[in-house]
2 protein chains.
Amino acid sequence: MDKTLLLQSYDLKATPQRLEIVGALYVQGHLNIDTLYSELKNKFPSISLSTIYKNINTMIDKGFLSELKIPSEKNLYELIKEEHSHVICTQCKKVTDIHLNISSLLQEARNISKYKFQKSSIILNGTCPECF
Amino acid sequence: MDKTLLLQSYDLKATPQRLEIVGALYVQGHLNIDTLYSELKNKFPSISLSTIYKNINTMIDKGFLSELKIPSEKNLYELIKEEHSHVICTQCKKVTDIHLNISSLLQEARNISKYKFQKSSIILNGTCPECF
DNA sequence: CTGACTGCAAACGTTTTGCACGGTA
DNA sequence: TACCGTGCAAAACGTTTGCAGTCAG
């Protein structure tokens with residue numbers, strides 16, 4: 001993935017801090033502010049939390065980052081790729097992407113509610129194989 | 001619904017404030033803190049926000065209230081009844097309950113992930129018939 | 001070279017806490 | 001009556017803002 005190109009394609013300057021944010025999210029999938037902050041601290045000891053917040057917000061505004069709100073957990077941030085759902089282990093709190101076919105679910109919801117659906121946020125809570 | 005009995009069955013004293021909180025949630029479905037606060041202000045002009053927070057938290061701990069986190073909206077609170085999903089209108093922000101059959105979705109998720117699922121949180125975003 | 005970005009400090013809004021008083025069981 | 005719950009004020013927390021200096025394009 002060309003991080004510089006990604007940023008520039010959204011009219012954002014490819015600063016070292018932003019490259020690192022995008023890189024961390026690309027490699028690790030979902031990160032909360034604190035984790036992101038400590039990751040970045042390693043490379044830029046003088047980075048400030050507000051830089052991270054500002055960048056996350058602009059990336060969300062630009063439309064290539066999304067915020068994931070999880071009941072009783074801190075918000076996570078992830079680069080937007082294809083639509084997908086999330087599973088969370090109740091024990092170890094690990095968050096994983098899962099690609100579910102939700103077309104029949106949406107169909108059913110459309111029949112019942114008469115809404116026109118644009119987006120869905122599906123989070124499944126369970127116990128992962130390692131935590132059984 | 002006997003609000004006093006509900007509270008007592010969870011070892012909580014049936015104070016007027018709590019009865020009103022439960023009543024408001026029972027009638028209105030989902031409420032955020034601010035709405036709850038202004039509702040209660042009518043009946044108890046001297047009620048404090050912290051009373052509401054404390055009560056909501058204890059009710060969540062006791063297990064008969066749940067917190068609904070919606071992307072870019074304030075958290076909503078609802079009494080726990082049968083498992084259900086939520087649809088939110090992108091335009092008017094109205095939140096409605098919907099009962100979807102998610103057994104095949106869970107089945108699929110179980111096959112893919114090997115998780116044992118206990119809970120699901122499904123939020124569908126769309127446009128409601130009135131907002132077309 | 002210039003506008004966009006960073007880092008600091010301060011401000012802000014929301015939620016939690018400590019404590020004295022009051023009310024439920 | 002004993003303890004739990006309330007309301008107030010203050011503290012804590014997460015996030016945003018303003019600003020001066022810096023850097024990418």
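So that the names make sense, note that chain A is the first sequence line, chain B the second, and so on, each numbered from 1.
- Considering only side-chain N and O atoms, A:Q17 lies nowhere under 4.0 angstrom from the phosphate OP1 or OP2 of D:dC23.
- The shortest side-chain heavy-atom distance between B:L100 and B:L124 falls under the 4.5 Å cut-off.
- As rounded to whole Å, 10 Å separates atom P of D:dC4 from atom NZ of B:K62.
- When each of A:T15 and B:T15 is assigned the nucleotide of DNA chain C bearing its nearest heavy atom, the one mapping closer to the 5' terminus is A:T15.
- Within the structure, salt bridge (Lys or Arg N to Asp or Glu O under 4.0 Å) contacts touching residues 109-128 of chain B (residues at least two apart or in different chains) do not occur.
- By the 30° and 60° cut-offs, the orientation of the rings of A:H86 relative to A:H84 is perpendicular.
- One atom, CG of A:L5, and another, C1' of D:dA24, lie 15 Å apart when rounded to the nearest Å.
- Side chains of A:E108 and B:H99: a donor-acceptor N/O pair is absent below 3.5 angstrom, by distance only.
- Counting to the nearest Å, the C1' atom of D:dT15 and the OH atom of A:Y37 are 14 Å from each other.
- Near DNA chain C, meaning a heavy atom under 4.0 Å away, the residues from residues 38-60 of chain A are A:S46, A:I47, A:S48, A:S50, A:T51, A:K54, A:N55.
- Counted by atom type alone, A:E67 and A:N75 present one or more donor-acceptor pairs between their side chains at under 3.5 Å.
- Atom pair B:Y10:OH and D:dG5:P shows a separation of 16 Å (rounding to whole Å applied).
- Straight-line distance from the NZ atom of B:K13 to the C1' atom of C:dT24: 5 Å, rounded to whole Å.
- Other residues, nucleotides and ligands contribute more than 12 heavy atoms inside 6.0 Å of the CZ atom of B:F44.
- Counting to the nearest Å, the P atom of D:dG5 and the CD atom of B:Q8 are 12 Å from each other.
- The interatomic distance linking A:E67 (CD) with D:dG14 (C1') rounds to 12 Å, in whole Å.
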> Passes side chain to side chain donor-acceptor pair (under 3.5 Å), A:N32 versus A:T35? Steps please.
Replying inline: CA-CA 6 Å; A:N32 65 31; A:T35 322; 2.6 Å; yes

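- Between C:dG13 and B:K74, no contact under 4.0 Å exists linking OP1 or OP2 to a side-chain N or O.
- The distance between atom CG of A:N75 and atom P of D:dT15, rounded to the nearest whole Å, is 6 Å.
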